[in-house]
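Take a look at the structure below.
In what follows, residues are counted from 1 in the order of the sequence shown.
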Amino acid sequence: VFVCDRTTLINQTSEAADRYGLSAHGIMQASHWRANPSMPFQIASAQTIARRDWPDADVIVIDEAHTQMAAWTDHIPTCRAAVVGLSATPFSAGLGKLFTRLVNATTMHALTQSGVLVPMRVMSGVRPDMPGAETSGGEWTDRAAAERGMGIVGDVVSEWTKHGEGRKTIVFGATIAHCEELCRQFNHAGVMSAVFTSHTTTSERAALLAEYKKPDSLLKVLISVEALAKGFDVPDVGCVVDCRPLRKSLSTALQMWGRGLRSSPETGKADCLLLDHSGNIIRFREDFERIY
C-alpha cells in the first residue's frame, strides 16, 4: 500500500506507477474508477483509508511522512507490514517514535550534479516588513503574513515580468485572499494566471492541471497556499515565486522551492529561478546550505 497525504496526488502517483510498469494496482479513494481491492498494489488516499479498514499489507509506503497523519500513525505501530516513510524534509518531531532509522539516500547537491535536479538561481526582492507581526505557535499567522504581503503585490508582478517572464511559474501566497489578489494583478498585467487552492473544485483542478501541464500552455502562472507545495510534479516549472513569509518552517520553504527543481531535458530547462519576496531564503540560508 502506497499512502498519499492529499487527494490531488492520487492520480499523479498512479500515472507514475504506470510509467514504471506497475499497472497492476488499484486506488483506494472514494468513487475512483480504478478501485480494485484484488490488485496486489494499492495506492491509497490517507483521508479515505482513515475511514476504512486497512488491507493486510506486506509493505506500506508513506509519502510525505513528516505530516504524521493519524490515518497511518495509529496503524503502523501494531501492523505486521514493513513500513517505509518518504520525505524530502524529515524534520518533524516524533518521527523517531514511528520509524527505527533514518536513511539519507542522497543529497540535493548530488541530485543536482547528476542532473536529476536543476540548479536554483535565487533573487531576493522586495519583501514585507514582518517585525511585530502576529504569531501563533512560534510561526507568523497566515492572516498577518497576508496583511503585510498585500502591500508588495505590485512588486511581485513587476519583478516577475522583468526576470521570470516566459517561464512556467508557481507562486506561493499566505492566504487564499492573498493568492486571489496576486492572481488579479498578474492577469491585469496580461499574464494568464489562475488560483489553485482548497476552494478550487475537483473539475476546475483537473482542467487547470490539464492546461498547465502542456509544454506550450497559455496558463503561465499557478498561485497557491498549500495545495501545490507538496509532491506536485510538473517538471518544466522554471520559476518559483515565494510570497509566504515563514519564521521557523524550513520544511515548508523547502517543499515550496522544490516544486521548480525537477529537471526537464525535453524542454531544455537549465535552472530554476527563485524570486523570493518573503525573506525566507535569507532567514533559512545557513540551514538550507547544510541540508543541500
Tightest non-hydrogen contact, residues C79 and I60, listed as SG-CD1, 4.1 Å
Rounding to 0.5 Å, atoms NE2 (H109) and OG1 (T112) come to a distance of 7.5 Å
Consider only side-chain heavy atoms of I, L, V, M, F, W and Y, link residues closer than 4.5 Å, and tell whether F41 and I27 are in one cluster. yes
In this structure, CD1 of I49 is separated from CD of Q42 (nearest 0.5 Å) by 9.0 Å
Scanning both residues in full, the closest heavy-atom pair of V153 with E181 reads CG1-O, 4.1 Å
message: Strictly distance-based, threshold 3.5 Å: is any side-chain N or O of K248 a donor or acceptor partner for the main-chain N or O of G137?
response: no
Side chain proximity check, H75 to V83, heavy atoms < 4.5 angstrom:
no
Under a plain distance cut-off of 3.5 Å, with no hydrogens placed, do R247 and T135 share a side-chain donor-acceptor pair?
no
According to a hydrophobic-cluster definition based on side-chain heavy atoms being under 4.5 Å apart (Ile, Leu, Val, Met, Phe, Trp, Tyr only), do L222 and L218 belong together? yes
*asked:* With heavy-atom distances below 4.5 Å as the criterion, would you say the side chains of R127 and D276 are in contact?
replied: no
Would you say T73 and Q68 are linked by a side-chain donor-acceptor pair, where the criterion is simply a distance under 3.5 Å?
no
Exercise. May I ask whether I43 and V59 are part of the same hydrophobic cluster, defined by side-chain heavy atoms of I, L, V, M, F, W, Y residues being less than 4.5 angstrom apart, directly or through others?
Key: yes
Smallest heavy-atom separation, V225 atom then A174 atom, equals CG1-O, 3.7 Å
dist Q12:CD -> K213:NZ (nearest 0.5 Å) comes out at 5.5 Å
Heavy-atom nearest pair, P245 first then P128, reads CG-CG, 3.7 Å
Here the gap from L22 atom CG to D18 atom CG, rounded to the nearest 0.5 Å, amounts to 8.5 Å
Distance col, row S251:OG vs F284:CZ, nearest 0.5 angstrom, shows 10.0 Å
* According to a 4.5 Å side-chain heavy-atom criterion applied to Ile, Leu, Val, Met, Phe, Trp and Tyr, with indirect links allowed, do I223 and V191 form part of one hydrophobic cluster? -> yes
Check: S263 side chain, V118 main-chain N or O, donor-acceptor pair, under 3.5 Å | no
Taking every heavy atom of R121 against every heavy atom of R167, the minimum-distance pair comes out as NH2-NH2, 3.3 Å
Check your understanding: After noting the C-alpha distance and the side-chain angles of W160 and C239, does the key distance pass the side chain to side chain contact (heavy atoms under 4.5 Å, CB included) rule?
Key -> CA-CA 9 Å; W160 182 87; C239 180; 4.0 Å; yes
Do Q29 and C4 come close enough that some side-chain heavy atom pair is under 4.5 Å?
no
message = Can you see whether S249 engages E139 through a side-chain donor-acceptor pair at a distance of less than 3.5 angstrom?
response = no
**Prompt:** With a 4.5 Å heavy-atom cut-off, do E64 and Q255 have their side chains touching?
**Reply:** yes
- W257 and V122: side chain to side chain contact (heavy atoms under 4.5 Å, CB included), yes or no, with the steps? CA-CA 10 Å; W257 304 341; V122 181; over 6 Å; no
Donor-acceptor pair, N280 side chain versus L246 backbone, under 3.5 Å? yes
Check your understanding: Counting only heavy atoms not in E286, do more than 12 sit closer than 6.0 Å to its CD atom?
Key -> no
Should M120 and L261 count as side-chain neighbours, where that means a heavy-atom distance under 4.5 Å?
-> yes
Problem set entry | Non-hydrogen side-chain atoms of F91 and I291 separated by less than 4.5 Å | yes
Presence of salt bridge, D58 and R80, under 4.0 angstrom
yes
What one should report as the nearest heavy-atom pair of H178 and A146 is CB-CB, 4.0 Å
**Item:** Exam field: side chain R259 to backbone V240, donor-acceptor pair closer than 3.5 Å
**Value:** no
Review point. Can L117 be reached from M256 by stepping across I, L, V, M, F, W or Y side chains whose heavy atoms are under 4.5 Å apart?
Key: yes
Could you go through C243 and H277, starting from their C-alpha distance and side-chain angles, then the distance that decides it, and tell me whether this counts as side chain to side chain contact (heavy atoms under 4.5 Å, CB included)?
CA-CA 5 Å; C243 305; H277 288 277; 4.2 Å; yes
Report task. Fit a plane to each ring of F99 and W72, take the angle between them on a 0 to 90° scale, and name the class: parallel (under 30°), tilted (30 to 60°) or perpendicular (over 60°). Result -> tilted
| query | Just wondering, do M123 and L273 contact through their side chains at under 4.5 Å, heavy atoms? | reply | yes
- prompt: Short question: side chain of S224, backbone of F196 - any donor-acceptor pair under 3.5 Å?
  reply: yes
Is K269 reaching over with its side chain to a backbone N or O of G238, donor-acceptor style, under 3.5 angstrom? no
Taking C-beta and beyond as the side chain, do Y212 and V237 meet within less than 4.5 Å on heavy atoms? yes
Rounding to 0.5 Å, atoms CG (L86) and CZ (F2) come to a distance of 5.5 Å
Donor-acceptor under 3.5 Å (K168 side chain, K214 main chain) = yes
Given 3.5 Å as the limit, does a donor-acceptor pair link the side chain of T175 with the main chain of D142, or not? no
We want to know whether S217 and E211 form a side-chain donor-acceptor pair, criterion being a heavy-atom distance below 3.5 angstrom. yes
Practice problem: Starting from the C-alpha separation in whole Å, work towards a yes-or-no answer on side chain to side chain contact (heavy atoms under 4.5 Å, CB included) for H25 and R34. | Solution: CA-CA 8 Å; H25 67 263; R34 205 162 178 170; 3.3 Å; yes
